[in-house]
Amino acid sequence: MTVQRTFSIIKPNAVKKNVIGAIYNRFESAGFTIIAAKMMHLTREQAEGFYAEHKGRPFFEGLVEFMTSGPIMLQVLEGENAIQRHRDLMGATNPDNALAGTLRADYADSFTENATHGSDSEESAAREIAYFFTADEICPR
Ligand code: DGI
């Protein structure tokens with residue numbers, strides 16, 4: 001087991017539901033340490049850049065519209081095997097397939113409005129963390 005960092009977003013629909021604290025509680029209860037955090041309201045350019053790999057997909061425009069529709073919370077989570085354990089805590093991308101007790105089962109409204117984001121590999125974690133955080137905004141214990 002290795003200590004990893006992963007990038008997390010609490011998406012606009014979950015921020016609107018006022019469940020930032022509830023989700024932070026779930027992160028901490030699952031053994032993650034929040035080592036960076038900030039709230040942002042993304043511009044179209046920021047959202048398109050973040051999801052550039054999906055450009056051209058049928059859901060891309062709706063995804064960008066949603067991700068710019070309101071404020072989001074951005075976090076860096078640290079912990080043992082954090083990337084996969086955070087994906088497990090979130091549940092399946094399509095909330096219809098998310099297991100009971102996962103964040104998406106509890107807070108998603110649709111496939112697009114699926115409440116949270118989490119990096120899916122070490123490469124994407126490094127890219128996504130650097131996309132939103134400078135080195136001095138990351139505060140390990
Ligand atoms: O890493 P994930 O967020 O689990 O999934 P992803 O990187 O494949 O897709 C990014 C986001 O795009 C996902 O959280 C929701 C949305 N998305 C992906 N595939 C579809 C989709 N939205 C719709 N409506 N339909 C899709 O097939």
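Ligands are counted one by one from 1 in listed order, and the atoms in each one are counted from 1 as well.
- No option in Arg5, Arg85, Arg141 other than Arg5 meets the salt bridge (Lys or Arg N to Asp or Glu O under 4.0 Å) test with Glu78.
- Taking distance alone, with nitrogen or oxygen atoms compared against 3.5 Å, Glu53 stays at or beyond that limit from ligand 1.
- Here is the list of ligand 1 atoms found below 4.0 Å of a heavy atom in Asn114: 13 (C), 14 (O), 15 (C).
- Between Asp120 and ligand 1 there is no heavy-atom distance shorter than 4.0 Å.
- Between Tyr51 and ligand 1, no N or O atom pair is found at a separation short of 3.5 Å.
- Nearest-heavy-atom check against atom 10 (C) of ligand 1 across His54, His117, Arg87, Met90 picks out His54.
- Other residues sharing a hydrophobic cluster with Phe111 under the 4.5 Å side-chain heavy-atom criterion for ILVMFWY residues do not exist; the residue is a singleton.
- Of the polar atoms of Lys11, at least one N or O is found under 3.5 Å from an N or O of ligand 1, judged by distance alone.
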Listed pairs under 3.5 Å, donor-acceptor, residues 56-66 side chains, sequence neighbours left out:
residue : atom : partner : partner atom : Å
Arg57   : NH1  : His54   : ND1          : 3.1
Glu61   : OE2  : Arg44   : NH1          : 3.4
Glu61   : OE2  : Arg44   : NH2          : 2.9
Glu65   : OE2  : Arg44   : NH2          : 2.9

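- Taking only nitrogen or oxygen atoms, main chain and side chain alike, Thr116 does not reach within less than 3.5 Å of ligand 1.
- Without hydrogens or angle criteria, Thr6 side chain to Ala82 main chain gives no donor-acceptor distance under 3.5 Å.
- Using a 4.0 Å cut-off between charged nitrogen and carboxylate oxygen, Glu137 and Lys38 count as a salt-bridge pair.
- If you look at Phe132 and Phe50, their ring centroids are closer than 6.0 Å.
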